[in-house]
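This report concerns only the one structure given below.
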Protein chains: 2
Amino acid sequence: MAQRLTTSPRAQARADMIERIKDTAREHLAADGPNLSLRAVARDLGVVSSAVYRYFASRDDLLTALILDGYAAMGEAIETAEGEVSRRTDLLGRWLAVGWSARDWSLDHQPEYALLYGSPVPGYAAPEATIEQAQRPVTVAMRILADGVAAGTLEVPADRLPRAVRADLVRIAGFPGFEGVPPTLLARAMSVWAQLFGSISFELFGRLKNGVTDFDAYFEHQLRVMARHLGLT
Amino acid sequence: MAQRLTTSPRAQARADMIERIKDTAREHLAADGPNLSLRAVARDLGVVSSAVYRYFASRDDLLTALILDGYAAMGEAIETAEGEVSRRTDLLGRWLAVGWSARDWSLDHQPEYALLYGSPVPGYAAPEATIEQAQRPVTVAMRILADGVAAGTLEVPADRLPRAVRADLVRIAGFPGFEGVPPTLLARAMSVWAQLFGSISFELFGRLKNGVTDFDAYFEHQLRVMARHLGLT
DNA sequence: CAATTGTCAAGAGCAGTGCTCTCTGTTCGG
DNA sequence: CCGAACAGAGAGCACTGCTCTTGACAATTG
């Protein structure tokens, strides 16, 4: 039993190989886009294609692993950036840290971003685990709002919400990590979140290319507009 | 010379074939996602694969044609819906028509939406013509704002814009169809546009699935939030 | 009207894909 | 130390986009 827990040499070798496969897969993702070729990955590793199937049951399985890693990496990047804001009462600063780190990570990992937030792969049905991990980034933002509400420094908007919308929001507010965010504020948060990733997608997918030139300034401005909509000063 | 202009039987047959190819390609797009197979399309048409190359130089060319058609179709759907609002001074009504028709079209043409607004195809570089057509839907929204400004019924926001952002916006405001929209309002419009398509993408790509249940009510609410941000009453 | 020219589809073939199956070595663990 | 678990190789299937050559047909011209 103890041996099972301490990684045996074989298990270690296996874990290493899995990591190597994922790494080269990420490289190919960056080079050739989402049309990831298992054979090409195997070739790069000096291994025949069928060998890869010892580690991943299918190409989709490999993609799922990359997606999970992606959400984790992005989530961690955002959590770290947000955690480095020393004045925890500086809600605006914390929000800006979230926004910028989300965009920075996306720009630095464009193919992975496309995998996470782009069009879903055709036959591919996202496993339960992925949609769980997907909430990790947004949770950071929710904590900022909850902190503000708890401290009384963040005004809860008095928006009128239609019945059906309110019912959904009340349920969503019960998700782990979303506690302490009242429905009206949550509604605004979800709007802002759509706007944040809409903006990132527009920029990454080239939809602003023949308009905006100073992307950083434009994004900063957008972030501040969102902040004002959330009531962050 | 006259014969050249009136479609000769051959040119007619050719145009028909092109249309048939695009139609079946759209069907396959709907069934199997963006992994469009030229061979499968040819099979459906009872034709060998190489024959398709008489009409489209490559698979990418066929995709480009579908993308162009997609923007045109979506643009037309939005223009029609917006045009059917009889009280032209009802800016909010016109905006709601734009938003709803954009979402309706997207829901009814999910694979095409993914092609237009999802992650870009890897090796595929969007030709100039596509990014031109891509502005057709947004132009409709701009006209609403310009009409409001011209009539004096829409207040121009007095937002403070950073220098670099303002410079970009002034240039963008000069695009054909964007005339009469002052920079501060344009900034808000672009935010809202990102939010609109962020919301549609979130819904279509399943990112709201384990939260929202009444998608229509949620979207309507979002649209009204956006409208308020634009100053539409 | 006949000949030529342009167009079309077919078929073979190339290089690549995901994936399965069988076979041979190697290495670990009781 | 030996049986079992494991890793990789290789062949093969059905598929993909794309190219090139060949033969048939129709349209336009002399």
Between CZ of A:R20 and C1' of D:dA7 the distance, given in whole Å, is 13 Å
What is the distance, to the nearest angstrom, from the CD1 atom on A:I18 to the P atom on D:dG8?
11 Å
D:dA9 C1' sits how many Å from A:M17 CE, rounded?
13 Å
Going by ring-ring contact (aromatic ring centres under 6.0 Å, His included), name the residues that satisfy it together with A:F197, two or more places apart in sequence or in a different chain.
A:Y117, A:W193
May I have the distance from B:R14 (atom CZ) to D:dA26 (atom P), rounded to whole angstrom?
18 Å
Can you measure A:Y55 atom OH to C:dC19 atom P for me and round it to whole angstrom units?
17 Å
The criterion is salt bridge (charged side-chain N to carboxylate O under 4.0 Å, His left out); which residues satisfy it with A:R207, sequence neighbours excluded?
none
Going by ring-ring contact (aromatic ring centres under 6.0 Å, His included), name the residues that satisfy it together with B:F56, two or more places apart in sequence or in a different chain.
none
Sequence-distant partners of B:A30, side-chain contact (heavy atoms from CB on, under 4.5 Å), two or more places apart
B:P111
Whole angstrom value for the distance that separates P of C:dT17 from CG of A:L63:
15 Å
Could you run down nucleotides 10-18 of chain D 5' to 3' and tag each one B, S or - for protein heavy-atom contact under 4.0 Å?
B-B---BBB
Using a cut-off of less than 4.0 Å, is there contact between a side-chain N or O of A:R54 and OP1 or OP2 of D:dA9?
no
Pair A:Y113 + A:W105: ring centers closer than 6.0 Å:
no
Nearest whole Å is fine: how far is C:dT27 P from A:D16 CG?
16 Å
Quick one: list whatever passes side-chain contact (heavy atoms from CB on, under 4.5 Å) with B:A40, sequence neighbours left out.
B:H28, B:S37, B:R43
Specify the separation, in whole Å, of atom CG of A:D61 and atom C1' of C:dC19.
13 Å
